[in-house]
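Before any comments, here is the structure.
Both backbone and side-chain heavy atoms feed into the values below; hydrogens, waters and symmetry mates do not. Order of appearance sets the numbers: ligands from 1, and atoms from 1 within every ligand.
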Amino acid sequence: MLERDLMQPFGIEIDLETGRMLRPERTSVRRASDMRGYYADEPALERLIRDADDPVHYQVSEKPVPETPGNLMYCISTLQPGLVGQEFFMTKGHYHQVKETAELYLCLRGQGFMLMKTETGECKAEAMARGRLVYVPPSWAHRSVNTGDEPLVSFCVYPAEAGHNYGDIEKEGFPKRVLRMNGRPQLVAAAAQR
Ligand code: S6P
Ligand code: ZN
């Protein structure tokens, strides 16, 4: 490869206190209405959409790199606090399309869990709190859950070619849900649902 064809190095700034990426190139936003079908209490989600004017649920800020092997994609994921019925706000969750790809989540702010599951239904939860790094191994679907009262912010890094498979989680869901019971987060077996 000619030297002029090489990708050029660059730097970005992340405010480690707030977890905000300064001047991201791309920000994807998921609103409450994008989460239809994911929560157990569907009427509660509809009330949230109606009464709070379809609030932002979470967003992902990035400065994308080419999605080619050898590159590392990275982003800041910011999940708002709240409840849908008894269930804490969560991301949709996904497998990576390229199953052999892992992901690192370094929590910068907030409290919660990283829920992970395999295709055969094994389910694990790792606590997330400022300074905790969660390693999501290859082949594990992953979803973050915010159990605190401030945004749950993570810095994520993964192989740039990983891709996202949302369809399987839309169909099969996670075996566990994180509910607020007696004022505390509890992991509860999910009924047949997403
Ligand atoms: C990407 C990484 C995160 C999530 C983000 C939103 O591989 O795992 O950036 O995209 O937390 O979650 P989801 O499930 O809607 O992509
Ligand atoms: Zn991922």
Side-chain angles (χ1 to χ4, degrees), residues 12 14 19-21 24-39 45 54-69 71-82 84 87-119 123-130 132-148 150-178 190 194:
I12 62 157
I14 293 169
R20 199 166 66 87
M21 184 184 285
E25 203 170 292
R26 185 164 75 191
T27 298
S28 8
V29 176
R30 302 275 192 208
R31 293 185 174 274
S33 58
D34 296 312
M35 300 303 291
R36 286 189 170 111
Y38 285 87
Y39 288 101
L45 181 68
D54 196 8
V56 170
H57 218 64
Y58 60 96
Q59 61 190 61
V60 179
S61 302
E62 49 195 352
K63 182 170 183 339
V65 296
E67 294 177 9
T68 50
N71 275 310
L72 293 173
M73 197 68 88
Y74 59 90
C75 64
I76 294 280
S77 167
T78 305
L79 171 60
Q80 296 304 313
V84 175
E87 195 168 4
F88 288 102
F89 279 14
M90 61 190 184
T91 58
K92 290 186 170 192
H94 58 268
Y95 293 98
H96 288 165
Q97 248 157 14
V98 179
K99 292 190 176 145
E100 298 76 16
T101 53
E103 182 158 351
L104 286 177
Y105 273 76
L106 175 61
C107 182
L108 302 179
R109 186 180 165 197
Q111 295 283 337
F113 290 100
M114 178 61 65
L115 266 189
M116 292 165 278
K117 69 157 291 208
T118 63
E119 280 175 347
C123 188
K124 290 277 161 65
E126 281 292 331
M128 297 182 81
R130 181 174 168 79
R132 261 185 78 79
L133 184 146
V134 176
Y135 189 83
V136 180
S139 296
W140 287 77
H142 39 288
R143 156 181 289 170
S144 16
V145 183
N146 186 346
T147 59
E150 61 173 332
L152 177 66
V153 184
S154 305
F155 175 66
C156 320
V157 189
Y158 56 100
E161 77 276 23
H164 295 81
N165 164 5
Y166 291 99
D168 286 346
I169 292 300
E170 269 179 40
K171 280 187 244 122
E172 63 195 46
F174 276 68
K176 290 191 178 155
R177 292 186 178 278
V178 187
R194 288 196 216 182

Query raised in the report: Any N or O on Gly93 sitting closer than 3.5 Å to an N or O of ligand 1?
Result: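 It does: an N or O of Gly93 is found under 3.5 Å from an N or O of ligand 1.
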**Report entry** Heteroatom proximity flag, Ser144 to ligand 1, N/O under 3.5 Å
**Finding:** no
Query raised in the report: Can a salt bridge be assigned to the pair Asp34 and Arg31 using a cut-off of 4.0 Å between side-chain N and carboxylate O?
Result: no
Query raised in the report: Side chain, backbone, both or neither: which part of His96 has a heavy atom under 4.0 Å from ligand 1?
Result: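 The part of His96 near ligand 1 is the side chain, not the backbone.
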Requested in this report: Report the part of His164 (side chain from C-beta onward, or backbone N, CA, C, O) that has a heavy atom under 4.0 Å from ligand 1; answer both or neither where that applies.
Outcome: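 It is the side chain that touches ligand 1; the backbone stays farther off.
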Query - Nearest candidate to atom 12 (O) of ligand 1, where distance is taken over non-hydrogen atoms, out of Val60, Leu79, Thr91, Thr78 - result: Thr91
Requested in this report: Output yes if His164 passes the N/O/S-under-2.8 Å test against the Zn ion (ligand 2); output no otherwise.
Outcome: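 Within the cut-off used here (under 2.8 Å), His164 places no N, O or S atom near the Zn ion (ligand 2).
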Report task. Would you check if the Zn ion (ligand 2) lies under 2.8 Å from any N, O or S atom of His96? Result -> yes
Query raised in the report: Mind checking whether Glu62 has a heavy atom under 4.0 Å from ligand 1?
Result: no
Query raised in the report: Which residue supplies the protein heavy atom nearest to atom 6 (C) of ligand 1, what is that atom called, and how far is it?
Result: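 It is Tyr58 CE1, 3.5 Å.
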Report task. Can you pull out the closest protein heavy atom to atom 8 (O) of ligand 1? Residue, atom name and distance to 0.1 Å, please. Result ->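 Of the protein heavy atoms, Tyr105 OH, 2.5 Å lies nearest.
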Requested in this report: Check each of Arg143, Lys176, Arg177 against Glu87 using the salt bridge (Lys or Arg N to Asp or Glu O under 4.0 Å) test, and report the only one that passes.
Outcome: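 It is Arg177; the other options fail the test.
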Query - His94 and Tyr158 aromatic centres sub-6.0 Å - result: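 No - the distance between ring centres of His94 and Tyr158 does not fall below the 6.0 Å cut-off.
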Query raised in the report: Does NZ or CZ of Arg30 lie under 6.0 Å from the centre of the six-membered ring of Tyr166, at an angle within 45° of the ring axis?
Result: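 Yes, Arg30 lies over the aromatic ring of Tyr166.
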